[in-house]
2 protein chains.
Amino acid sequence: MDVDTGNVTGEAAPRRRNAASTREAILRSAKIAFTRYGYDGIGVREIAQGAGVTAMLVNRYFGSKELLFAETVESVFAEPTLLTNDAATLSRFVAATLAGDESDENDHVDGFLLMLRSVSNPRAADILRDSIERHFEQQLAALLPGPDSHERVALFLSLIAGFQLMHNVLDSAAMTRADPAALARRLGVLFQQLLDPAPA
Amino acid sequence: MDVDTGNVTGEAAPRRRNAASTREAILRSAKIAFTRYGYDGIGVREIAQGAGVTAMLVNRYFGSKELLFAETVESVFAEPTLLTNDAATLSRFVAATLAGDESDENDHVDGFLLMLRSVSNPRAADILRDSIERHFEQQLAALLPGPDSHERVALFLSLIAGFQLMHNVLDSAAMTRADPAALARRLGVLFQQLLDPAPA
DNA sequence: GTCTATATAATGATAGAC
DNA sequence: GTCTATCATTATATAGAC
């Protein structure tokens with residue numbers, strides 16, 4: 001199983017004998033591999049192969065698979081994605097992104113996929129919970145004024161996670177048979193219901 | 001790691017030397033173990049131990065771990081849960097069940113937990129997708145008249161799955177800090193939005 | 001009908017050479 | 001800085017005894 005870090009994307013091969021760039025290459029390979037296969041679904045050998053090195057260097061530079069995963073998660077959730085938008089445009093933006101074709105590289109999607117495919121491992125879940133709380137939930141609650149902000153944030157994230165789970169991970173028939181445009185419309189209504197500070 | 005099939009629930013120990021009841025005991029242990037730890041998170045040894053037998057009998061009676069999982073999934077999703085209700089009461093019922101204490105045995109919850117914790121494994125995902133489509137989505141779509149029934153079913157299942165993921169699997173801080181009553185209220189509003197045949 | 005013992009393969013991690 | 005070789009553990013699955 002090759003990971004295909006995408007040597008097409010940039011810097012070709014001359015990376016050997018450089019600690020910093022080797023570390024980066026491993027981290028990049030790990031991000032792709034963990035996102036695609038989940039924490040339990042990929043081994044350090046394959047991650048190393050995707051970076052063009054041997055498995056030994058993974059432990060050399062990151063200590064263990066678990067520590068590599070922690071740094072991968074941190075790296076993915078550190079870059080702001082959904083939070084860059086204001087509450088007014090957020091619902092449409094997220095709905096369109098989720099329901100749209102998964103062809104182009106949408107980093108928002110990737111962050112959630114990494115979570116969905118790894119959360120069944122308890123140690124990975126601990127790491128994910130901590131990172132998501134630090135980078136997501138607090139800022140998101142501040143972005144949603146009005147009553148029940150905590151509850152609305154929880155449901156907002158639940159809906160994103162659940163949609164991606166059914167659509168990209170389980171690939172459920174209900175999603176497959178659904179019309180993308182209608183899906184985006186219905187999804188947008190739900191998001192607005194959560195983001196608008198209407199009392200309930 | 002013991003699975004604790006609950007020898008308290010019924011038939012105590014005198015089950016030895018009986019093919020049918022041994023099969024049942026293994027299946028019951030598998031249901032608990034797969035739901036709690038996911039497909040990759042538990043081994044046949046531990047499942048067998050939870051049934052009071054050795055690992056060999058698992059393969060003897062079910063062929064392989066994968067076939068045991070398939071039969072477990074089928075067994076869990078075969079019993080009707082959400083579908084017993086009519087559309088009118090469904091939104092309140094599901095919202096209250098999800099947001100309520102997870103202390104009592106709610107089988108609805110268990111079915112989704114089994115899915116959430118195993119879907120990261122591709123072979124398990126195939127099994128789950130097939131079973132869910134056969135037992136859930138078709139009947140659910142028939143229960144939801146009005147426009148965009150496929151899309152609304154997809155979002156209905158997404159919301160349930162996502163909520164359980166954030167609440168019971170990831171145990172996210174947004175969920176932990178949320179007020180259960182307010183959560184149930186907001187959740188109910190979202191479900192009604194999907195179940196009511198209002199055009200969009 | 002169920003067991004002990006084992007085959008085979010894969011995993012994460014490490015030792016030591018260059 | 002990176003490699004080859006290996007250790008220790010664990011996994012599923014099977015062979016053969018009783």
Side-chain angles (χ1 to χ4, degrees), chain A residues 1-3 5 11 13-30 33-34 37-72 117-118 120-124 126-127, chain B residues 1-3 5 11 13-30 33-34 36-72 117-118 120-124 127:
Chain A
M1 194 187 299
D2 201 354
V3 169
T5 64
E11 63 215 308
R15 186 199 59 255
R16 294 290 165 78
R17 299 271 160 185
N18 182 330
S21 64
T22 296
R23 235 191 89 102
E24 270 182 43
I26 293 172
L27 193 61
R28 197 166 352 131
S29 174
F34 282 136
Y37 304 108
Y39 184 82
D40 286 331
I42 199 75
V44 291
R45 278 175 179 76
E46 292 150 297
I47 293 174
Q49 191 180 14
V53 298
T54 62
M56 207 227 80
L57 289 191
V58 174
N59 285 326
R60 179 127 163 62
Y61 285 119
F62 294 90
S64 70
K65 182 187 184 183
E66 188 172 334
L67 289 172
L68 171 63
F69 181 76
E71 194 156 330
T72 304
R117 294 212 168 100
S118 299
S120 55
N121 183 293
R123 291 190 304 267
D126 289 340
I127 293 167
Chain B
M1 194 187 299
D2 202 354
V3 169
T5 64
E11 60 216 311
R15 188 199 57 256
R16 296 288 166 78
R17 299 270 159 186
N18 183 330
S21 64
T22 295
R23 236 191 89 103
E24 270 181 43
I26 293 173
L27 193 61
R28 196 166 353 135
S29 174
F34 282 136
R36 193 176 297 174
Y37 304 108
Y39 184 82
D40 287 331
I42 200 74
V44 293
R45 278 175 181 76
E46 293 150 296
I47 293 174
Q49 192 180 14
V53 298
T54 63
M56 207 227 81
L57 289 191
V58 174
N59 285 327
R60 178 128 163 65
Y61 285 118
F62 294 90
S64 70
K65 183 187 182 182
E66 189 172 332
L67 289 172
L68 171 63
F69 180 77
E71 193 156 332
T72 303
R117 294 212 168 99
S118 299
S120 55
N121 182 292
R123 291 190 304 268
I127 293 167

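First the proteins, then the strands, lettered A, B, ... as listed; each starts at 1. In this text, all values refer to a predicted model and were calculated from it rather than measured experimentally.
- One finds no side-chain N or O of A:Thr54 lying less than 4.0 angstrom from the OP1 or OP2 phosphate oxygen of D:dT4.
- Taking OG from B:Ser29 and CD1 from B:Ile42, the interatomic distance works out to 8.0 Å, rounded to the nearest 0.5 Å.
- For A:Ser64, no side-chain nitrogen or oxygen approaches OP1 or OP2 of C:dG12 to under 4.0 Å.
- Checked against D:dC3, D:dT2, C:dC3, the side chain of A:Arg60 finds its nearest nucleotide in D:dT2.
- One interatomic measurement links the two molecules: CG of B:Asp40 to P of D:dT10, which rounds to 17 Å at whole-angstrom precision.
- Taking only side-chain atoms of A:Val53, from C-beta outward, the nucleotide of D:dC3, D:dG1, C:dC3 with the closest atom is D:dC3.
- For the ring pair (Phe, Tyr, Trp, His ring centres under 6.0 Å) test with A:Phe69, the passing option among A:Phe62, A:Tyr39, A:Tyr37 is A:Tyr39; the others fail.
- Ranking C:dA13, D:dG16, D:dT2 by closeness to the A:Lys65 side chain, first place goes to C:dA13.
- We find that CG of A:Asn121 is positioned 15 Å from P of C:dT11, with the value rounded to whole Å.
- Look at CE on B:Met56: it is 19 Å from P on D:dA11, rounded to the nearest Å.
- Rounded to an integer number of Å, the gap from CD1 of A:Ile42 to P of C:dG12 is 9 Å.
- One interatomic measurement links the two molecules: CG of B:Leu68 to C1' of D:dA11, which rounds to 15 Å at whole-angstrom precision.
- Within the nucleic acid shown, B:Tyr61 comes within 4.0 Å of sugar-phosphate atoms alone, with no base atom in reach, counting heavy atoms only.
- Here D:dA11 presents its C1' atom at 11 Å from OH of B:Tyr39, a figure rounded to the nearest Å.
- Looking at heavy atoms from C-beta onward, A:Asn59 lies out of side-chain contact with A:Leu68 at the 4.5 angstrom threshold.
- Of the candidates C:dT2, C:dT11, D:dA13, C:dT2 carries the atom nearest the B:Leu57 side chain, counting heavy atoms from C-beta on.
- Remark: A:Tyr61 OH to A:Ile26 CD1 distance equals 7.0 Å, nearest 0.5 Å.
- Residue B:Ile26 contributes atom CD1, which lies 13 Å from atom C1' of C:dC3 at whole-angstrom precision.
- Put simply, OG1 on B:Thr72 and CG on B:Leu67 are 10.5 Å apart, with the number rounded to the nearest 0.5 Å.
- Proximity note for A:Arg45 (side chain, C-beta onward) versus D:dA13, C:dT11, D:dA11: the nearest is C:dT11.
- Distances shown here put every side-chain N or O of B:Thr22 at or beyond 4.0 Å from the OP1 or OP2 atom of C:dG1.
- Atom-to-atom, CZ of B:Phe62 to C1' of D:dA13 comes out at 16 Å; the value is rounded to the nearest Å.
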